[in-house]
Number of protein chains: 2
Amino acid sequence: MQKKTPTGTVLYTIEQTIKEYRKICQKNIQKVVGDITVDQCLVLIILNDNAGIPQIEIAKLIFKDNASITRIIELMVQKDYLTREVDESDKRKSKLLLTEKGQKTIVLLTPIFKLNRKTALSGLTLDEIELLDKLLHKIISNCKTS
Amino acid sequence: MQKKTPTGTVLYTIEQTIKEYRKICQKNIQKVVGDITVDQCLVLIILNDNAGIPQIEIAKLIFKDNASITRIIELMVQKDYLTREVDESDKRKSKLLLTEKGQKTIVLLTPIFKLNRKTALSGLTLDEIELLDKLLHKIISNCKTS
DNA sequence: ATTATTTATTTGATATATCAAACAAATTTG
DNA sequence: CAAATTTGTTTGATATATCAAATAAATAAT
């Protein structure tokens, strides 16, 4: 049930799983949009679905550090996916908007994201997916309250 | 069953899980050994269990790139956890050995690793853990063959 | 044996992770 | 209102991820 190395535990299977999933995501994304990363896509989708959301909320949604979000967004502004202005209602915040390129990219990527999920979860029943989710949330909660 | 954002899928739960787990690992490791990271610990354990293993095998065991392993080892040599020499039987390889500090660290860390796993998996039955592992391996295989 | 190919590792470039410290704007307190 | 605290973001430092290209040694092919 468990291999010789500590890497034989289910926790390393989790790590392996997310790495393999990210690989196919990146591969499929590249086919359609050449200059964007998985994480940048996530930010794009979040912004598209939640206009005006502050960076700190983006960070929470995709489990990232604020510093990481700052840098990801910086690159996306450079590559003309986003524009960033100071939010006049609260000058600490920045107002992030998709550019035309950003919006077109969303259209291109939406089917890719669906495909990625479908590929990864193929052969799993709804019940299994729910169970998987439940077990993982149990682990998350164990870690958080430790 | 699924939230509004794409981050609501089980695949993002997987990502979240591994991040939370790594956090408690790092936190608990820090309590005992101040200057080592989770990944460096993994390399240490692998080397302790598999003397003379080439870097490329370490990479496979912990799902990392060869380039990453090179750099991780470099830092560990600098911090006197490892020594590295050219392997005379095959000069492309390097012979990696734990220093005394490395061996002492293993002793300190072994109980921590057990604790981390126990904490994370607490409340899950063996059957559930096996099922979790099975479902994850299914996803891995889906991704690999896609 | 020389050439071609493969294998193990390294290096460079770029992206992200993490923590701590810095900052400025907003909010709360006394 | 002024001082203290909180909030949103940035910056610096260091570690890791990923891909591609470069090396050098080992092995296979002609």
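This structure is a prediction, so every number in the text was calculated from the model and none was measured. Just so it is clear: chains get the letters A, B, ... in the order the sequence lines come, proteins before strands, and each one is counted from 1.
- A donor-acceptor pair shorter than 3.5 Å cannot be found between the side chains of Asp127(A) and Thr125(A).
- Within 4.0 Å (heavy atoms only), Thr70(A) reaches at least one base atom of the nucleic acid.
- Among the protein residues, Asp39(A) comes within range of the sugar-phosphate backbone only, with heavy atoms under 4.0 Å from sugar or phosphate atoms but none that close to a base.
- Of the residues near DNA chain C, Leu75(A) and Ser89(A), the one whose nearest nucleotide (by heavy atom distance) lies more toward the 5' end is Leu75(A).
- Nucleic acid contact class of Ile69(B) (heavy atoms, under 4.0 Å, all strands): none.
- Counting non-hydrogen atoms under 4.0 angstrom, Gln26(B) reaches nothing in the nucleic acid.
- Side-chain N/O atoms of Lys79(B) and Gln40(B) include a donor and acceptor closer than 3.5 Å.
- Arg22(B) comes within 4.0 angstrom of nothing in the nucleic acid, heavy atoms only.
- In summary, the side chains of Ser94(A) and Glu85(A) do not present any donor paired with an acceptor at a separation below 3.5 Å, with no hydrogens or angles considered.
- Of the charged side-chain nitrogens involved, none lies within less than 4.0 Å of a carboxylate oxygen, so that Lys134(A) and Glu130(A) do not count as a salt-bridged pair.
- Comparing Lys91(B) and Gln40(B), the nucleotide of DNA chain D nearest to each residue sits closer to the 5' end for Gln40(B).
- Across all strands, Asp90(B) comes closer than 4.0 Å only to sugar-phosphate atoms, never to a base (heavy-atom distances).
- Taking atom NZ on Lys93(A) and atom P on dT10(D), their separation rounds to 13 Å, with Å as the unit.
- One can place CG of Leu96(A) at 14 Å from C1' of dT10(D), the figure rounded to the nearest angstrom.
- Between Thr37(A) and Asp87(A), the residue whose closest nucleotide on DNA chain C is further toward the 5' end is Thr37(A).
- For Arg92(A) and dT9(D), a side-chain-to-base donor-acceptor distance below 3.5 Å is absent, hydrogens and geometry of angles not being considered.
- Checked for salt-bridge contact, Arg84(A) and Glu74(A) miss the test: no charged N lies under 4.0 Å from a carboxylate O.
- Place Ser68(B) and Ser94(A) on DNA chain D by their nearest nucleotides, and Ser94(A) ends up nearer the 5' end.
- Between Asp133(A) and Tyr12(B), every side-chain heavy-atom pair lies at or beyond the 4.5 Å cut-off.
- First and last contacts of DNA chain C with chain B, using any nucleotide atom under 4.0 Å from a protein heavy atom and ordered 5' to 3', fall at dT7(C) to dA17(C).
- In this structure, a donor-acceptor pair under 3.5 Å is absent between the side chains of Thr37(A) and Gln26(A).
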